[in-house]
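Any value given below was found using the heavy atoms of this structure, including those in side chains, with hydrogens, waters and symmetry copies removed.
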Amino acid sequence: SPGSAAPAAFGGAAALGLVIVAPGGEEPLRPVVLLTVTVVHLVHVLAGTAALLPRSALLHLSALARPLRRFLAIQAGVMALAGLAALLPGGRNPVLLEVLAVLGVAGAAVLAVVLLRRR
């Protein structure tokens, strides 16, 4: 059932499978990881949509336009962050870079809270 914990279990199993059996485990940004992130996100979006629909409902493709735009926007952001992470030097990062990253994440969290409160 889409409303159950099955989609989350799928995501967990995919992540566990990457850690255990996928080759090149030391490189976190390898293509199979990025593809798995995209597929798990797509399953999450589709399961959420399916959980809201009654079994007898007719689904028009135009109803999927907003979730598709949201999915693409999130994936674009994720891939941009992955590209940025690929540019970082290996090993230990400079302290200033780590502090800026923490401040950026904190700023994004504050922005999300502010935007969600406006609803």
Is there a path of hydrophobic side-chain contacts, each under 4.5 Å between heavy atoms of I/L/V/M/F/W/Y residues, joining V40 to V43?
yes
Mind running side-chain contact (heavy atoms from CB on, under 4.5 Å) on I74 and R70 for me, showing each step along the way?
CA-CA 6 Å; I74 290 170; R70 191 176 309 120; 4.1 Å; yes
Looking at every non-hydrogen atom in both residues, tell me the closest pair between T36 and V32 and how far apart they are.
OG1-O, 2.7 Å
When you group the ILVMFWY residues by side-chain heavy-atom contacts below 4.5 Å and let the links chain together, are L103 and V95 in the same group?
yes
Kindly determine whether L34 and V37 satisfy side-chain contact (heavy atoms from CB on, under 4.5 Å), including the steps that lead there.
CA-CA 5 Å; L34 298 176; V37 167; 5.6 Å; no
Check whether more than 12 heavy atoms from other residues, nucleotides or ligands sit under 6.0 Å from atom CG of L58, and answer yes or no.
no
When you group the ILVMFWY residues by side-chain heavy-atom contacts below 4.5 Å and let the links chain together, are L72 and L42 in the same group?
yes
Report, as yes or no, whether the 6.0 Å neighbourhood of atom NE2 on H44 holds more than 12 heavy atoms from other residues, nucleotides or ligands.
no
Under a 4.5 Å cut-off applied to non-hydrogen side-chain atoms, are V39 and F10 in contact?
yes
Residue pair L61 / L64, side-chain heavy-atom distance below 4.5 Å:
yes
Can you find a pair of side-chain heavy atoms, one from V113 and one from R117, that are under 4.5 Å apart?
yes
What heavy-atom pair brings Q75 and T38 nearest, and what distance separates the two atoms?
OE1-OG1, 3.0 Å
